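On a predicted model such as this, the values are computed, not experimentally measured, just so you know. So you know, we letter chains A, B, ... as the sequences are listed, proteins then strands, and number each from 1.
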Amino acid sequence: MIKTFSGGIHPDASKEPTVDKRISPAPLPKRVSIPLLQNTGNPAKVQVKAGDTLLKGQLIGDAESFISSRVHASISGKVIAVEEYINPIYGKTECVFIESDGKDAPYPYKAAPKAIKDLSREDIIDIIKDAGIVGLGGGAFPTHVKLIAAEKKEKYSLIINGAECEPYLTSDHRLMIEKTQEILKGVELLAKASNAENVYIAIEENKLSAIFAMERAIERLTTKIVRLKTKYPQGGEKQLIKAVLNREVPPGKLPLHVGCVVQNVATAYAVYEAVIEGKPLIERCVTLTGSCLRKPGNFLIRIGSILGDVVEECCSGFIRKCSKIILGGPMMGVAHYSLDIPIIKGINGVVFLSEEETEVSEESPCIRCSKCVDVCPVNLIPTDIARAVKKQKKPFLEELNVFDCIECGACSFACPARVPLVQYIKLAKAQMQEK
Amino acid sequence: MENRFILSPSPHIFSETKTPKIMKDVIIGLLPAAFASIYFFRLRAVILLATCIISCVAFEYIFEKLMKRKTTIGDYSAVVTGILLAFILPPTVPFWICIIGSLVAIILAKQIFGGLGSNIFNPALLGRAMLMAAFPTFLTTWSKPLTLDVITGATPLGLSKFEHILTDYWSLFIGNVPGSLGETSALALILGAIYLFCRKVIDYRIPVAYILTVAIIGFVTNSADPSAYPPPGFHIFTGGLLLGAFFMATDPVTSPVTKKGRWVFGIGCGVITMVIRLWGGLPEGVMYSILLMNAFTPLLNKITRPRRYGT
């Protein structure tokens with residue numbers, strides 16, 4: 001049975017350029033710039049200084065506050081500098097610049113001393129925290145914090161997010177096909193860490209090869225593979241919970257409130273690597289795609305690799321002029337102005353759009369066609385919110401549940417008048433918080 | 001040469017539908033009725049259509065230039081208003097009536113409110129309402145179809161209400177009856193509506209609610225007293241009902257954005273239309289029913305908001 005949620009859009013999936021490309025490791029970078037803030041929350045505290053020599057996997061930033069994540073060196077070499085640099089998602093943050101010594105020498109990390117079945121929930125969460133794992137679906141929320149909150153007195157449902165609903169992105173899909181066993185072990189670890197009674201691996205039906213790979217590999221009967229209708233934004237946490245369990249997360253609350261913990265498949269893979277191989281989060285699978293690249297594909301990229309370097313070394317550069325660089329998918333991703341930015345933990349793909357593929361439209365008057373209302377996955381009326389913001393009607397805004405918006409962009413996508421609805425809603429949120 | 005990258009907020013991809021495309025689809029949906037009107041009313045049809053369309057576009061262009069606003073005639077909404085205005089006028093009206101009607105429709109009913117998307121009332125209908133009030137004789141003089149001579153004749157609704165004569169269904173279906181320019185041919189209007197549904201330009205809720213309500217009230221009244229009240233089928237194929245239900249009540253700007261709101265809107269139009277037709281002084285109620293329901297649209301939008309997610 002195919003599950004789904006209400007609303008949503010069907011953009012062109014555009015997955016053909018990379019869906020059949022095996023994940024290949026990027027060549028060892030000559031340099032990396034590793035920001036100390038790569039997660040939702042607070043930055044790590046730097047532990048190294050210019051001149052230090054490092055081994056791959058060595059700790060360079062420690063998590064000092066609660067919602068923070070450790071950062072590790074992704075190559076061996078020498079610290080050239082520790083200074084502020086452009087962070088692709090978080091503005092400008094402190095960054096550790098490392099020059100490679102070419103040896104790729106690893107820090108002596110140790111795999112977990114016990115077998116999985118002997119590891120306690122706390123053991124697993126500690127390993128995840130030490131490895132600096134954050135949500136790799138893009139949200140980059142420190143995983144150990146999410147798991148700590150799933151306290152022992154409750155029994156939860158763990159949903160593994162294999163939806164990958166954004167167009168162009170295929171890294172999760174490839175991971176599910178190529179690293180099936182490893183992901184399932186990671187899922188088992190996450191299930192223990194989140195006190196989960198039921199485990200669901202939810203995959204969109206346009207990824208049949210991944211669904212089959214998973215279905216063939218699962219041994220525990222308590223793990224269910226759930227097929228989802230291919231629709232954006234199925235991968236959103238709330239939409240996933242609605243589709244898999246038919247539960248709605250109440251406004252302002254977390255999935256925990258409806259007995260759920262959601263984790264991305266790539267996060268599950270990282271958990272496997274951390275516990276079974278003792279490896280911290282120093283590289284991740286990233287889809288580099290778009291008609292501008294000579295060789296689009298899915299690549300295992302070291303955290304902190306400079307995007308321009310990666311484009312040259314992995315994709316052999318551009319074959320046509322690139323008009324837009326998007327970090328993430330084209331629906332919620334962030335456009336950037338330079339190739340001199342590091343790949344950080346939360347970046348699951350980079351889309352390079354050509355001139356023909358880039359639309360820049362001016363806003364025209366809203367004709368109340370209600371397409372935005374039809375597609376909104378959280379039952380909002382985006383056109384009313386936009387109008388209220390323009391006319392500065394704050395009481396009206398309060399009735400419109402502005403903070404329920406997940407900023408998925410479906411409304412802006414569907415709008416024939418090209419009203420930048422998500423931006424108006426973000427503006428409404430900002431204005432209401434000022435009050 | 002340094003490559004410059006475009007920066008804009010997400011999303012970075014869009015659906016293919018844009019406003020001019022929607023308006024063009026509406027125009028195509030109106031073409032069958034336009035051809036029917038030219039077939040039945042000959043030169044008068046051509047004159048009315050041309051005058052209304054050109055006047056509407058011209059008034060919009062001139063007003064926007066005078067007010068130093070951006071030119072919007074490229075979105076084709078003025079063309080749609082022009083066609084609809086022509087459709088709801090009797091073929092006998094002098095061309096200057098078209099010009100005055102266009103002025104009211106575009107400037108008073110649309111631009112004064114803030115332009116496309118900000119108007120409360122359907123512009124073409126408001127234009128006709130004003131003409132009806134100022135020039136009642138011109139707006140109620142009908143002509144027989146398929147002839148170039150202006151031979152006056154009553155509309156099927158007029159015949160039914162004031163003389164208790166029922167026109168045959170075939171004439172009503174094809175359009176071989178007196179009436180406003182675009183309202184006579186049910187066949188042409190239905191063909192156009194099918195096109196609009198296929199292109200997903202209109203939502204089925206308003207037309208279905210409107211027509212069903214009319215049919216039900218027609219059925220009930222006809223069953224109660226067949227000599228006084230015509231059958232439901234008659235109601236559906238006469239007056240501007242099909243034109244109103246498919247092309248005017250469905251105007252997105254002036255109708256609700258919620259699904260529930262649209263059901264209520266359609267039912268409301270149906271009720272008011274029938275009240276006017278059966279017990280009011282006029283034979284036809286479509287125009288006023290839609291205008292009245294337009295006034296209720298903001299309220300309907302407010303009270304039919306979808307349930308808050310998660311509650």
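- Using a 4.5 Å cut-off between heavy atoms, A:Ser14 does not touch chain B at all.
- Looking at A:His10, neither its backbone nor its side chain comes within 4.5 Å of chain B, counting heavy atoms on both sides.
- To the nearest 0.5 angstrom, A:Glu399 atom CD is 10.5 Å from A:Lys393 atom NZ.
- Proximity to chain B (any heavy atom under 4.5 Å) is shown, for A:Ser412, by both the backbone and the side chain.
- Counting only N and O atoms by type, the side chains of B:Ser77 and B:Asp75 include a donor and acceptor under 3.5 Å apart.
- Between chain A and the residues B:Pro9, B:Pro252, B:Pro256, the most heavy-atom pairs under 4.5 angstrom are made by B:Pro252.
- By the 4.0 Å N-to-carboxylate-O rule, A:Asp374 lies too far from B:Lys200 to be salt-bridged with it.
- When heavy atoms are compared at a cutoff of 4.5 Å, A:Val258 does not approach chain B at all.
- Annotation: cation-pi geometry not satisfied between A:Lys324 and A:Phe352 (NZ/CZ under 6.0 angstrom from ring centroid, within 45° of ring axis).
- B:Phe197 and B:Tyr204 have their aromatic ring centers separated by at least 6.0 angstrom.
- Contacts with chain B were tallied for A:Val373, A:Ile9, A:Ile325, A:Val351; A:Ile325 has the most, counting heavy-atom pairs under 4.5 Å.
- Of the atoms belonging to A:Ala417, heavy atoms from both backbone and side chain fall under 4.5 Å from chain B.
- Of the two parts of A:Cys322, the backbone and the side chain both hold a non-hydrogen atom closer than 4.5 Å to a non-hydrogen atom of chain B.
- Using modelled atom types, no side-chain atom of A:Gln239 and backbone atom of A:Gln234 make a donor-acceptor pair closer than 3.5 Å.
- Counting only distance, with no hydrogens or angles, the side chain of B:Ser180 and the backbone of B:Gly182 share no donor-acceptor pair below 3.5 Å.
- Around NZ of A:Lys92, the count of heavy atoms belonging to other residues, nucleotides or ligands within 6.0 Å does not exceed 12.
- The part of A:Ile326 that comes within reach of chain B is its side chain, from C-beta onward, which places non-hydrogen atoms under 4.5 angstrom from that chain.
- Neither the backbone nor the side chain of A:Pro420 comes within less than 4.5 Å of any heavy atom of chain B.
- Using a 4.5 Å cut-off between heavy atoms, B:Ile13 contacts chain A through both its backbone and its side chain.
- At a 4.5 Å heavy-atom cutoff, the contact between A:Gln423 and chain B is made by side-chain atoms alone.
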